[in-house]
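Notes for the one structure printed next.
All values below come from the heavy atoms of this structure, side chains included, with hydrogens, waters and symmetry mates left out.
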Amino acid sequence: IYSCTTSYLTTWKNPNYKGGPFNKIGVIGLVKELRMQKSLEYDFVKMLKSKGIDAIASLDFLSPDKKYTREQIEEQLAKYNVDGILIFELLGVDKETQYVPTTYYYDYYYGWWGWQSGGYYTSTTNVKFQTSLYANSDDTLIWTGQSDTYNPANTSDIVNSLGPKIIESLEKEGLIK
């Protein structure tokens, strides 16, 4: 049985940031596969909106097939009134396989007529992300978090496991309402 759990989310907030909460968050997924980017961005935007937080996926205003200059990106962010930019960056995927040795349990009443367990392999997949929030006004890093998500079946699993922890941290720090 596989389950997806985020083992931890370590965060940091810029101690020099004195501004209030952001009004509109632009969500950007820096991943190689477009399918994964779509799921990451749209699932997280949906989660933010369900909490009453205004958000937009970068795929709604930046085409993945086009290269943009910094000025063009800034124009698009301004056009959609984005004041906070939340970037998800895939740091890596680690896979580990372990052998669970056979163990025999002895029953005092029945001798070696007991039972056994083990004798199989298990595998664990760990997906590492860094998530960073920047102020669009001056591109200052305001908040960042690193996470490990174990055994996700898909990108939605990652967002459903990690998203509430990110939102809780951003709310606690006063960066979103």
Side-chain angles (χ1 to χ4, degrees), residues 1-64 68 72-93 125-177:
I1 297 175
Y2 289 94
S3 64
C4 171
T5 58
T6 300
S7 64
Y8 66 90
L9 171 68
T10 54
T11 64
W12 170 88
K13 181 186 175 202
N14 185 334
N16 298 321
Y17 181 70
K18 305 297 182 213
F22 292 95
N23 296 308
K24 188 167 189 178
I25 304 291
V27 177
I28 301 173
L30 299 180
V31 292
K32 290 182 180 179
E33 293 181 33
L34 180 58
R35 177 181 50 83
M36 188 175 183
Q37 182 184 2
K38 283 180 182 179
S39 180
L40 182 69
E41 290 186 14
Y42 289 121
D43 288 351
F44 197 76
V45 164
K46 182 179 177 182
M47 188 175 286
L48 286 168
K49 287 184 175 186
S50 76
K51 297 272 194 182
I53 300 159
D54 197 9
I56 187 170
S58 74
L59 289 169
D60 287 342
F61 59 88
L62 298 174
S63 170
Y68 293 90
Q72 289 172 320
I73 294 170
E74 290 294 335
E75 283 174 20
Q76 290 299 310
L77 292 169
K79 178 180 175 182
Y80 289 94
N81 298 314
V82 172
D83 58 348
I85 305 163
L86 191 66
I87 299 176
F88 286 85
E89 181 180 4
L90 179 63
L91 298 179
V93 178
T125 302
N126 178 15
V127 180
K128 298 174 183 264
F129 269 96
Q130 179 163 321
T131 308
S132 302
L133 178 66
Y134 292 88
N136 188 36
S137 59
D138 60 4
D139 298 329
T140 300
L141 177 63
I142 306 302
W143 175 96
T144 190
Q146 286 195 352
S147 63
D148 289 292
T149 303
Y150 291 93
N151 296 324
N154 53 42
T155 308
S156 291
D157 265 3
I158 295 169
V159 173
N160 289 332
S161 176
L162 180 59
K165 292 177 183 346
I166 291 172
I167 291 171
E168 179 183 347
S169 178
L170 294 173
E171 286 175 332
K172 180 181 170 190
E173 297 290 355
L175 300 173
I176 56 177
K177 302 177 199 178

* Asked: What is the distance from atom CD of Gln76 to atom CD of Glu74, rounded to the nearest 0.5 Å?
  -> 11.0 Å
* Asked: Closest approach of Ala55 and Lys49, non-hydrogen atoms and distance?
  -> O-CE, 3.0 Å
* Is the shortest heavy-atom distance from the side chain of Lys13 to the side chain of Leu175 under 4.5 Å? -> yes
* **Gap between atom CG of Leu9 and atom OG1 of Thr149 - 0.5 Å precision** => 9.0 Å
* Asked: Measuring from Leu30:CG to Leu91:CG, what's the distance to the nearest 0.5 Å?
  -> 10.5 Å
* Asked: Can you list the residues that meet the ring pair (Phe, Tyr, Trp, His ring centres under 6.0 Å) rule with Tyr68, with sequence neighbours excluded?
  -> none
* Pick one: which of Asn154, Asp43, Ile166 meets side chain to side chain contact (heavy atoms under 4.5 Å, CB included) with Val159? -> Asp43
* To do: Side-chain contact test, heavy atoms from C-beta onward, threshold under 4.5 Å: evaluate it for Leu86 versus Thr131 and give yes or no.
  => yes
* Walk me through it: do Val31 and Phe88 pass the test side-chain contact (heavy atoms from CB on, under 4.5 Å)? => CA-CA 8 Å; Val31 292; Phe88 286 85; over 6 Å; no
* Measure the shortest side-chain to side-chain distance between Phe22 and Asn136 over non-hydrogen atoms and say whether it is less than 4.5 angstrom. => no
* Asked: Does Phe44 reach the side chain of Leu40, with side-chain heavy atoms less than 4.5 Å apart?
  -> no
* Asked: Closest approach of Ala135 and Ile142, non-hydrogen atoms and distance?
  -> N-CG1, 3.7 Å
* Asked: Just by modelled atom types, is the Pro15 backbone N or O under 3.5 Å from a matching donor or acceptor in the Lys18 side chain?
  -> yes
* Would you indicate whether the side-chain heavy atoms of Met47 and Asn160 approach each other to under 4.5 Å? => yes
* Asked: Considering only heavy atoms from C-beta outward, does the side chain of Thr155 approach that of Tyr42 to under 4.5 Å?
  -> no
* Asked: Is there a donor-acceptor pair closer than 3.5 Å between any side-chain N or O of Glu41 and the backbone N or O of Ser58?
  -> yes
* Out of curiosity, Asn81 CG to Asp54 CG, how far, rounded to the nearest 0.5 Å? -> 9.0 Å
* Asked: Is the backbone of Asn23 close enough, under 3.5 Å, to the side chain of Asp83 for a donor and an acceptor to pair up by distance?
  -> yes
* Any chance CD of Glu168 has more than 12 other-residue heavy atoms, nucleotides or ligands included, within less than 6.0 Å? -> no
* Structure fact -> Closest non-hydrogen contact found for Leu90 with Lys128 is CD1-O, 3.5 Å
* Distance-only polar pair, side chains of Glu89 and Ser132, donor-acceptor under 3.5 Å -> no
* To do: Decide yes or no for Trp143 and Leu170: does some side-chain heavy atom of the first lie under 4.5 Å from some side-chain heavy atom of the second?
  => yes
* Can you name the closest pair of heavy atoms from Pro152 and Ile158 and give their distance? -> CB-CG1, 3.6 Å
* Using the salt bridge (Lys or Arg N to Asp or Glu O under 4.0 Å) rule, collect all pairs that involve residues 23-38, keeping only residues at least two apart or in two chains. => Glu33-Arg35
* Asked: Is there a side-chain contact between Ile28 and Ile85, using heavy atoms and a 4.5 Å cut-off?
  -> yes
* **Contact list for residues 152-177, test ring-ring contact (aromatic ring centres under 6.0 Å, His included), sequence neighbours left out** => none
